Amino acid sequence: MQILTTAAGLHAYTEQARQAGHRVGLVPTMGALHAGHLQLVQAARAECNEVIASIFVNPTQFNNAEDFRLYPRVPEADAALLAPAGCTALFVPSVAEMYSQTTVLRFDFGALERVMEGAHRPGHFSGVATVVSKLFHLACPHRAYFGQKDWQQVAIVKQLVADLSFDLEIVACPTIREADGLAMSSRNRRLDAPARAAAPLLYQVLQTAAAQVRRGVPPAQVQAIAEASIAQEPLFTVEYMAVADAQTLQPLTDYGAGRAVVLCLAAHLGGVRLIDNVVVEA
Ligand SMILES: Nc1ncnc2c1ncn2[C@@H]1O[C@H](COP(=O)(O)OP(=O)(O)OP(=O)(O)O)[C@@H](O)[C@H]1O
Ligand SMILES: CC(C)(CO)[C@@H](O)C(=O)[O-]
Ligand code: BAL
């Protein structure tokens, strides 16, 4: 596995791979890798002969300086996991390497970002879109792999690809969970023992809510029951619970037959912000 630290190095690497007729897969991450990330690498490996992973804790997508400061960083352990998973190159740029420009780019994804993560983390998706655009320009992948754990991010990145005419395909991979149902997340490392013990409640509440959607319980009621269930665990504070159209992400007031519904939850648990979602046919 080749380690690349400069934009020029990444560009040269991918250019050579493309000239050799290779298919290039890109897996963008912020590191502190777990099985959810490795699944993305494996999916890329199954479809591409070059798999480039990036590890970059992107400052422009953090709306909370403390969250950025405390974001787990374990570069050596990450590198050791990537090669056996099938990664052929690892891009680990510095902040200066990624942000030498002075222009601050702002994106407006309209209704797609006025809800959920976009509504609660101002500027977050401008930061994501900026760094993802730069990675797409530098790595020129045929395919880029993202996790459905960040459901709204996948929708935004697909919109970005369409709006900026990137010639690549976005592949969305399912959420990988711990045995007790907790969605794997780099931030889980920051949970202390009592918080970790309480954490599976998030997915349990989503599963209960999904069953209610299938039974036709109205969206407002599903939302209220979920929020009340989380509030019963004193370590948790709910940030939002959304019952939304899985494609448009807009909140639902009722269900249409066969419509895909996404249930998205964000909550704070012992100082750590966690998100999760499930998709269900109404
Ligand atoms: N449990 C998971 N299952 C599948 N994909 C995941 C999972 N966790 C993260 N991913 C995906 O991995 C990519 C990189 O995510 P990131 O590095 O932010 O990790 P993370 O675990 O989501 O961390 P955090 O949520 O704490 O930022 C994203 O596309 C994300 O959706
Ligand atoms: C896509 C991404 C790597 C951009 O920084 C990040 O938002 C993430 O890890 O999901
Ligand atoms: N996985 C989403 C990246 C973030 O929380 O900033």
Side-chain angles (χ1 to χ4, degrees), residues 25-44 52-75 78 81-82 85 87 90-93 95 98-99 107 113 116-118 120-136 138-139 141 143-158 160-161 170-191 199 202-203 239 264-269 271-279:
L26 174 69
V27 180
T29 83
M30 301 205 299
L33 302 180
H34 50 65
H37 298 113
L38 298 181
Q39 169 211 210
L40 303 182
V41 172
Q42 283 150 5
I52 302 170
S54 63
I55 296 181
F56 181 61
V57 185
N58 173 36
T60 64
Q61 72 187 69
F62 284 81
N63 57 312
N64 177 326
E66 193 66 351
D67 191 24
F68 177 67
R69 193 178 67 79
L70 293 176
Y71 200 87
R73 291 163 171 91
V74 287
D78 286 347
L81 290 172
L82 284 169
C87 184
L90 169 60
F91 181 51
V92 273
V95 171
M98 287 304 272
Y99 288 110
F107 292 77
E113 70 161 294
M116 303 194 266
E117 293 301 281
H120 289 265
R121 298 181 65 185
H124 172 63
F125 284 121
S126 273
V128 169
T130 300
V131 79
V132 166
S133 298
K134 290 166 84 80
L135 290 169
F136 286 172
L138 294 172
R143 290 187 173 181
Y145 295 79
F146 291 84
Q148 289 179 346
K149 197 204 73 177
D150 296 278
W151 186 267
Q152 188 176 18
Q153 175 168 276
V154 172
I156 294 272
V157 169
K158 284 183 174 168
L160 176 76
V161 166
I170 299 300
V171 182
C173 299
T175 301
I176 303 297
R177 298 180 180 282
E178 303 287 356
D180 60 11
L182 174 66
M184 290 190 181
S185 168
S186 307
R187 289 184 179 90
N188 291 352
R189 292 172 184 242
R190 293 178 43 215
L191 297 171
L202 216 57
Y203 185 51
E239 191 168 300
C264 297
L265 196 43
H268 294 261
L269 174 59
V272 182
R273 185 176 184 277
L274 299 178
I275 61 170
D276 199 357
N277 67 77
V278 300
V279 178

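Source: prediction; values computed, not measured. One-based numbering, in listed order, for ligands and for the atoms of each. Reckoned from all heavy atoms, side chains included, excluding hydrogens, waters and symmetry mates. The chain is numbered in sequence order, starting from 1.
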Novice: Measure from atom 28 (C) of ligand 1 to every heavy atom in Ala144, Gly147, Ala53, Pro174 and give the option owning the shortest one.
Specialist: Gly147
Novice: Nearest to atom 9 (O) of ligand 2 by heavy atom, Lys149, Lys134, Met30: which?
Specialist: Met30
Novice: For the NE2 atom of His124 and the CE atom of Met116, what is their distance to the nearest 0.5 Å?
Specialist: 12.0 Å
Novice: Which protein non-hydrogen atom lies closest to atom 3 (C) of ligand 3, naming both residue and atom, and how far is it?
Specialist: Gln61 NE2, 3.3 Å
Novice: Can you list the atoms of ligand 1 that are under 4.0 Å from a heavy atom of Met30?
Specialist: 17 (O), 18 (O), 27 (O)
Novice: Can you tell me how far the CZ atom of Phe91 sits from the CG atom of Leu138, to the nearest 0.5 Å?
Specialist: 5.5 Å
Novice: What's the spacing between Arg121 CZ and Glu113 CD if we round to 0.5 Å?
Specialist: 12.5 Å
Novice: Report, in ascending order of atom number, the atoms of ligand 1 lying under 4.0 Å from any heavy atom of Gln39.
Specialist: 4 (C)
Novice: Against heavy atoms of Pro28, which atoms of ligand 2 measure under 4.0 Å?
Specialist: 3 (C)
Novice: In Å and rounded to the nearest 0.5 Å, what is the CD1 to CG distance from Ile52 to Leu90?
Specialist: 10.5 Å
Novice: Below 4.0 Å, non-hydrogen atoms only: which portion of Asn188 touches ligand 1? Side chain, backbone, both or neither.
Specialist: neither
Novice: Please assess Arg273 against Glu117 for the test salt bridge (charged side-chain N to carboxylate O under 4.0 Å, His left out), listing each intermediate value before the final yes or no.
Specialist: CA-CA 11 Å; Arg273 185 176 184 277; Glu117 293 301 281; 2.8 Å; yes
Novice: With the threshold set at under 4.0 angstrom, would you say Phe146 reaches ligand 2 through any of its heavy atoms?
Specialist: yes
Novice: For atom 18 (O) of ligand 1, which of Phe56, Tyr71, Phe62 has the closest heavy atom?
Specialist: Tyr71
Novice: So is there a nitrogen or oxygen of Tyr145 less than 3.5 Å from a nitrogen or oxygen in ligand 1?
Specialist: no
Novice: Identify the protein heavy atom lying closest to atom 1 (N) of ligand 3, giving its residue, its atom name and the separation to 0.1 Å.
Specialist: Asp150 OD1, 3.1 Å
Novice: Using only atom types and a distance under 3.5 Å, with no angle test, would you say the side chain of Asp276 pairs donor to acceptor with the backbone of Leu182?
Specialist: no
Novice: With heavy atoms only and a cut-off of under 4.0 Å, state how Lys149 meets ligand 3: side chain, backbone, both or neither.
Specialist: neither
Novice: Using the side-chain contact (heavy atoms from CB on, under 4.5 Å) rule, take Ser185 and Lys149 through it: C-alpha gap first, then chi angles, then the decisive distance, then the call.
Specialist: CA-CA 9 Å; Ser185 168; Lys149 197 204 73 177; 3.6 Å; yes
Novice: Using a 4.0 Å cut-off to any heavy atom of Phe146, which atoms of ligand 1 qualify?
Specialist: 29 (O)
Novice: Below 4.0 angstrom from a heavy atom of Thr29, which ligand 2 atoms are there? Numbered from 1 as shown, please.
Specialist: 3 (C)
Novice: Is there a donor-acceptor contact under 3.5 Å from the side chain of Gln39 to the main chain of Pro174?
Specialist: yes
Novice: Relative to the heavy atoms of Met30, which atoms of ligand 3 are at a distance of less than 4.0 Å?
Specialist: 3 (C), 4 (C), 6 (O)
Novice: Given Phe146, which partner from the list Thr29, Leu26, Ile170, Val27 fulfils the side chain to side chain contact (heavy atoms under 4.5 Å, CB included) test?
Specialist: Ile170
Novice: Taking the non-hydrogen atoms of Arg187, is any one of them nearer than 4.0 angstrom to ligand 3?
Specialist: yes
Novice: Which atoms of ligand 2 are found less than 4.0 Å from any heavy atom of Val131?
Specialist: 4 (C), 5 (O)
Novice: Considering only heavy atoms of His124, which atoms of ligand 3 have at least one such atom less than 4.0 Å away?
Specialist: 4 (C), 6 (O)
Novice: Could you tell me whether the side chain of Phe125 reaches within less than 4.5 Å of the side chain of Gln153, counting heavy atoms only?
Specialist: yes
Novice: Is the shortest N/O to N/O distance between Ile176 and ligand 1 below 3.5 Å?
Specialist: yes
Novice: Any N/O of Gln61 closer than 3.5 Å to an N/O of ligand 2?
Specialist: yes
Novice: Is a donor on one side and an acceptor on the other found under 3.5 Å between the side chain of Asn188 and the backbone of Ala183?
Specialist: yes
Novice: Has Ser186 got a side-chain atom pairing as donor or acceptor with Gly31's backbone, closer than 3.5 angstrom?
Specialist: yes
Novice: Check each of Arg189, Arg177, Lys149 against atom 25 (O) of ligand 1 and report the one with the nearest heavy atom.
Specialist: Lys149
Novice: Between Asn58 and Tyr71, is there a side-chain donor-acceptor contact under 3.5 Å, judged purely by atom types and distance?
Specialist: no
Novice: What closest approach, in Å, do Val41 and Cys87 show between heavy atoms, and which atom pair accounts for it?
Specialist: CG1-N, 3.9 Å
Novice: Out of curiosity, is Arg121 lining ligand 3, as in a heavy atom under 4.0 Å away?
Specialist: yes
Novice: Tell me which protein heavy atom sits closest to atom 7 (O) of ligand 2, plus the residue, atom name and distance to 0.1 Å.
Specialist: Gln153 OE1, 2.7 Å
Novice: Using a 4.0 Å cut-off to any heavy atom of Met184, which atoms of ligand 1 qualify?
Specialist: 1 (N), 2 (C), 7 (C), 8 (N)
Novice: Could you tell me, atom by atom, which parts of ligand 1 come under 4.0 Å of a heavy atom of Asp150?
Specialist: 22 (O), 30 (C), 31 (O)
Novice: Evaluating non-hydrogen atoms only, which member of Arg190, His37, His34 is closest to atom 16 (P) of ligand 1?
Specialist: His37
Novice: Between Thr29 and ligand 1, does any nitrogen or oxygen pair lie at a separation below 3.5 Å?
Specialist: no
Novice: Has Pro28 got any heavy atom lying under 4.0 angstrom from an atom of ligand 1?
Specialist: yes
Novice: Measure from the side-chain N and O atoms of Asp78 to the backbone N and O of Leu33, and report whether any donor-acceptor pair falls under 3.5 Å.
Specialist: yes
Novice: What distance separates Ile275 CD1 from His120 NE2, expressed to the nearest 0.5 Å?
Specialist: 12.0 Å
Novice: Please write down residue, atom name and distance for the protein heavy atom closest to atom 24 (P) of ligand 1.
Specialist: Arg187 NH1, 3.1 Å
Novice: Quick one: are Trp151 and Thr175 in side-chain contact, heavy atoms under 4.5 Å?
Specialist: no
